[in-house]
Amino acid sequence: MPELPEVEVTRRALSANLVGRRIDKVVTTRPSYFFLTPPAVLRRRLAGRRVTALDRHGKYLVGTLDDGARLLLHLGMTGQLFVAGARNVRLYRTAKRGAPLAPPPAFQPDEHTHLILSFSDGPPELYFRDTRKFGKCALLEPGANDRRLDKLGVDALEAEGSHLHRAARRRRSPVKTLLLEQSVIAGIGNIYADEALFFAGVRPARSSARLSERECDAIVRAVRRVLARAIERGGSSIDDFVRPDGSDGGYQDERRVYARTGEPCPRCGTPIRRIVLAGRSAHYCLRCQR
DNA sequence: CACTTCCCCTGCAAGC
DNA sequence: TGCTTGCAGGGGAAGT
């Protein structure tokens, strides 16, 4: 599931292939929840526009167009952005698990490909694929504000302990639930919340209100460290995430606790526990985390 | 305002 | 073997 590192890895790869180019043709497949802006509007508004910047806000990607409009993209759970041209090996493995890897010569949009952008200078093209359709795509007219972006808290890479502590004081919810709240700190998802809490030595179920300033500092420092490392490793390819060239990230191999229920804690050997908080699974070491 | 619950969707795994 | 069921999860809306 794409969180800040995966979105940032995507942003960097796309940036090199997108910024400065003029959008020529826009193909949208069948309408779906994915499109917050009607596909017809999107096609009309994007065609002919040049992309001048690609930024990230939390887990959102925001492309700026030469007329001042912005293209808002969210990968949701299973969203994938591809720069076509490299062989999208993983794409085909995802399409049929266990099938032998015999990649076709060129990418063929499948039933999960929602958006294809081609450019005036020819290939590569850009594909947005999303099996579960939790991803989002919206066009923001020049000068328009967006509630989703306005609500975001400080970006996780720039967060300080004080940001967390201020929010924590008046909450009764578990600290992990608080970390997942994008309005407090933007960019953390289920994987990196668990990983950061492991490094900070704090149990995910700990009451937010009872965290000391010192603990909040430790947690946020762990968050920044884990995210930075995950970006370095190209993100986590656990379920569907792949980089825009189709290759896997590498951070999944460095996971300490996430989705390692029953496996020995890398520090002390105690089996990793799994609990459910706010409907989401949380993984931690009973002994290393207090 | 804080917090919970539900829902969107599909692929996969477990159970019968 | 083949069906059904349940689960996963980001985030927004609606309800408490």
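In what follows, chains are A, B, ... by sequence order, proteins preceding strands, each numbered from 1. Hydrogens, waters and symmetry mates play no part in the numbers below; they use all other heavy atoms, side chains included.
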From the set [options], return the single nucleotide nearest to any side-chain atom of [X].
X	options	answer
A:Q182	B:dC3, B:dC9, C:dG11	C:dG11
A:H112	B:dC3, B:dT10, C:dG10	B:dT10
A:R274	C:dA8, C:dG9, C:dG11	C:dA8
A:Y60	B:dT10, C:dG12, C:dG11	C:dG12

(message) Measuring centre to centre across the rings, with the benzene-like ring taken for any Trp, is A:Y192 within less than 6.0 Å of A:Y251?
(response) yes

How is [X] classified with respect to the nucleic acid when contacts are heavy atoms under 4.0 Å: base, sugar-phosphate, or nothing?
X	answer
A:K136	nothing
A:F34	nothing
A:S281	sugar-phosphate

(request) Give a yes or no on whether A:E263 atom CD has more than 12 heavy-atom contacts from other residues, nucleotides or ligands under 6.0 Å away. (result) yes

(request) Would you indicate whether A:R22, at its atom CZ, is surrounded by more than 12 heavy atoms from other residues, nucleotides or ligands within a distance under 6.0 Å? (result) yes

(request) Assess the side chains of A:T10 and A:R243: does a donor N or O sit below 3.5 Å from an acceptor N or O? (result) no

(message) Could you tell me if A:T52 and A:T64 have a donor-acceptor pair between their side chains, going purely by distance under 3.5 Å?
(response) no

(request) Please work out which residues in residues 146-159 of chain A have a non-hydrogen atom less than 4.0 Å from an atom of DNA chain C and list them by number. (result) A:R147, A:R148, A:K151

(message) Just N and O in the side chain of A:Y258: are any of them under 4.0 Å from OP1 or OP2 of C:dG9?
(response) yes

(request) Give a yes/no answer on whether the side chain of A:R170 brings an N or O atom under 4.0 Å of OP1 or OP2 in B:dA2. (result) yes

(request) For A:F134 and C:dG10, say yes or no: do the ring centres fall under 5.5 Å of each other while the ring planes differ by less than 30°? (result) yes

(request) Among residues two or more places apart or on two chains, list those pairs meeting ring pair (Phe, Tyr, Trp, His ring centres under 6.0 Å) that have a residue in residues 34-76 of chain A. (result) A:F34-A:H114, A:F34-A:F128, A:Y60-A:H74

(message) Once hydrogens and angles are ignored, does a donor-acceptor distance under 3.5 Å link the base of C:dA8 to the side chain of A:R132?
(response) yes

(request) Taking the side chain as every heavy atom from C-beta outward, state whether A:R56 and A:L4 have any atom pair closer than 4.5 Å. (result) yes

(message) What does the 5'-to-3' dot-bracket notation of DNA chain C look like when only Watson-Crick and G-U wobble pairs under 3.5 Å count, and pairs to other strands show as |?
(response) .|||||||||||||||

